Amino acid sequence: MLENIGRKLIFPIDFPSQKRTFHLQSVILLISALFASAFGFFTQSLLNLLICYAAGVLITMLLVVPPYPSYNKKKLQWVKPSMTNSSMATE
Amino acid sequence: MSKPINVYSIPELRQALDEALPITLKRLNYTQSHLFQDIKLGLGYSMGLIAATSFLLDKKFKWNQTLFYQKLLVGLYFILSITFWIFNHFIEKGLTYQGINKKDSIKLKIMSRLIENNSRGNSNNDTPIYQIHFKLINVNNSTEKNNELTSELLVTKIFSEQGYLQTNLFYEYLNDQINLLKEKKKN
Amino acid sequence: MYSINQRFSTVANQSLSYGLLIIAIIVGTSYYQLQSSNAFNNLITIGNINPTFAIRTSRYYGSTNGKPKENVKLTFDLDTDLTSLFNWNTKQVFVYLVAEYKGQKHPAISNTVTFWDKIITTKKDAILHLVNEKGKYNVWDLEDKFQNRDLEFSLHWNLQPWVGPLIYGETVGNTSIVLTKPEKK
Amino acid sequence: MNLRLELTKLLNLCFVLSSTFMMWKGLSIFANSHSPIVVVLSGSMEPAFQRGDILFLWNRNVESKVGDIVVYEVEGKPIPIVHRVLREHHSEKTNKQFLLTKGDNNAGNDIPLYANRKVYLQKDKDIVGTVKGYFPLLGYVTIWVTENKYAKFALLGFLGLSSLLGDE
């Protein structure tokens with residue numbers, strides 16, 4: 001039963017979106033790291049840097065982690081299991 | 001085999017296919033040679049043993065008492081990890097399977113990798129491809145030119161949406177490819 | 001990026017590794033700020049050093065087996081400006097007044113002792129103008145007597161950052177005196 | 001034979017554990033200190049170090065300087081102490097060095113803490129390392145886990161759940 005719950009909680013997204021979200025994540029995180037450093041330096045405040053970077057990480061999380069429907073438009077057509085297959089699968 | 005995988009995960013696809021290869025080839029009368037696997041297991045577990053020894057020495061004795069042995073163990077561990085890395089990258093080189101068919105006296109070597117996205121156009125270019133490189137070697141006649149074949153298999157053709165590998169489809173595919181390779185050899 | 005777990009952990013991992021980049025930037029820029037504000041060459045004047053001596057027999061004043069130990073305490077004047085040590089990565093500055101001297105019976109022994117120290121946490125406290133300041137510590141030597149030693153005083157600082165390596169430095173302007181008992185009034 | 005497959009899977013776990021441990025040992029040997037990274041447990045060095053801050057130690061220096069923050073161990077006490085060197089006396093002939101330490105936040109020096117009615121620490125015998133680097137707060141996780149039994153259960157539960165639901 002736990003396994004079934006586990007399988008429900010995987011929330012996969014399609015392959016092009018995987019690539020896109022990874023790219024998006026790298027870019028946003030790098031930019032927010034550099035921007036936060038610059039902002040912190042010019043205001044001479046580590047707190048400002050921390051807030052700025054935390055905001056960047058939070059935005060990335062919100063954009064990347066949830067399985068939005070738009071990330072699942074390009075699902076693939078997989079093979080339909082036939083009767084003989086299912087017996088094979090448990091071999 | 002009974003546990004379904006997430007078909008949108010490249011590592012899980014690769015692992016499932018690499019693990020299915022020897023099982024399927026066994027049905028095609030190939031006996032797997034475990035030499036490389038055994039070398040890796042041996043290397044790996046001796047590294048584990050070294051770490052365990054170091055851990056025990058650390059628990060039982062004081063730092064200064066065993067410093068010399070600890071240096072030795074860390075050095076040994078480092079050397080073995082490098083050996084392991086070299087073995088993986090230069091000797092094994094992505095070889096997933098090697099086996100022998102005694103009846104036909106054919107040795108089979110398979111290198112495989114999973115290609116995430118093929119840029120070769122057409123409608124399938126989101127679908128990951130399992131690329132298999134076959135190499136047939138005639139055991140009796142070593143001077144004969146080896147026969148090689150690279151084939152590509154769309155993962156959507158052998159996995160169901162639920163994450164089960166359709167083993168008999170995979171079997172048929174491998175059988176076809178090996179027959180193709182044998183045909184090529186005759187010509 | 002194939003499952004929600006994995007997406008979460010890649011974001012977490014990558015943000016941590018960029019965190020290391022940020023730390024490197026902080027450490028690098030703050031060190032550059034120290035260099036450019038000439039923080040390693042702050043000037044100092046120390047003067048009016050007056051010792052007082054006392055004989056102690058407690059273990060907490062350096063005495064072993066109840067043998068009498070000569071303790072010394074100081075008053076002194078000190079002027080310096082350490083504001084250049086404060087930038088965005090400075091958590092605190094620890095300043096300490098030390099004296100170096102050689103052993104009397106065993107000249108091969110080098111000694112360094114602290115007479116006074118102070119924790120500075122804000123930039124506005126970093127300008128020190130001390131007159132007749134009392135030393136914090138009763139100081140004794142390995143030997144029983146402390147009189148007639150040649151002491152060289154200097155002010156050192158230790159910058160404790162919010163993150164990164166601890167930085168040590170010294171101010172410019174040493175003073176030497178010979179410890180002698182003031183004549184009784 | 002599935003034995004090899006199982007062994008290979010177990011090996012991956014084994015690698016994670018052993019490489020972490022050997023990395024730690026390698027770092028220990030490199031820094032010449034049996035614990036090159038320590039977590040601050042007491043407030044005696046406040047405001048410089050608070051509970052939970054992480055310190056990186058180095059012990060290849062032959063002599064300590066006055067002002068150095070050192071970690072030392074006292075015989076019979078399980079917890080190492082992080083304090084600042086107040087005085088040092090060393091001989092140029094022998095390589096012995098005597099140190100007197102004090103916590104920045106303490107009123108007096110450390111003589112009451114030393115074992116066997118000693119008045120000084122010895123650099124080569126008692127010192128675990130000199131603090132070279134600092135990272136705030138991260139070590140609080142370990143304090144939290146070791147001192148709070150509910151935290152222990154929470155952590156174990158979290159690990160168990162993620163291994164059940166996760167992809168190994």
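Just so it is clear: chains get the letters A, B, ... in the order the sequence lines come, proteins before strands, and each one is counted from 1. Everything numeric here is computed off the predicted structure, so don't read it as measured data.
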*Tell me yes or no: between the side chains of Ser19(D) and Tyr77(B), is some donor less than 3.5 Å from an acceptor?*
no

*Which atoms form the tightest heavy-atom contact between Lys25(D) and Asp58(B), and what is the distance?*
NZ-OD1, 2.9 Å

*asked:* Are there over 12 heavy-atom neighbours, none belonging to Trp24(D), within less than 6.0 Å of that residue's CH2?
replied: yes

_Show the nearest heavy-atom pair for residues Leu7(D) and Tyr45(B), with the distance to one decimal._
O-OH, 2.8 Å

*Compare every heavy atom of Phe21(D) with every heavy atom of Ser54(B), then report the nearest pair and how far apart it is.*
OG-CE2, 3.3 Å

*Candidate pair His34(D) and Asn64(B), rule side-chain contact (heavy atoms from CB on, under 4.5 Å), full reasoning*: CA-CA 8 Å; His34(D) 63 75; Asn64(B) 276 334; over 6 Å; no

_Between Ser33(D) and Trp63(B), is the side-chain contact (heavy atoms from CB on, under 4.5 Å) condition met? List the steps._
CA-CA 8 Å; Ser33(D) 166; Trp63(B) 166 253; over 6 Å; no

_Nearest 0.5 Å, please: how far is CG in Leu5(D) from CD in Gln37(B)?_
8.0 Å

_Surrounding CD of Glu75(D) (heavy atoms of other residues, nucleotides or ligands, distance under 6.0 Å), is the total greater than 12?_
no

*Should we count CZ of Arg51(D) as having more than 12 external heavy atoms under 6.0 Å?*
yes

*Is the NZ atom of Lys65(D) crowded by more than 12 outside heavy atoms at less than 6.0 Å?*
no

_Taking every non-hydrogen atom, the tightest pair across Gly48(B) and Ser18(D)_ = CA-CB, 4.5 Å

*For residues Leu11(D) and Lys40(B), report the shortest heavy-atom separation together with the two atoms involved.*
CD2-O, 4.1 Å

*Gap between atom OG1 of Thr8(D) and atom CG of Leu41(B) - 0.5 Å precision*: 4.5 Å

*Gln70(B) versus chain D, heavy atoms under 4.5 Å apart: side chain, backbone, both or neither?*
both

*Contact origin within Leu17(D) toward chain B - heavy atom pairs under 4.5 Å*: neither

*Can you find a pair of side-chain heavy atoms, one from Gln32(B) and one from Arg4(D), that are under 4.5 Å apart?*
no

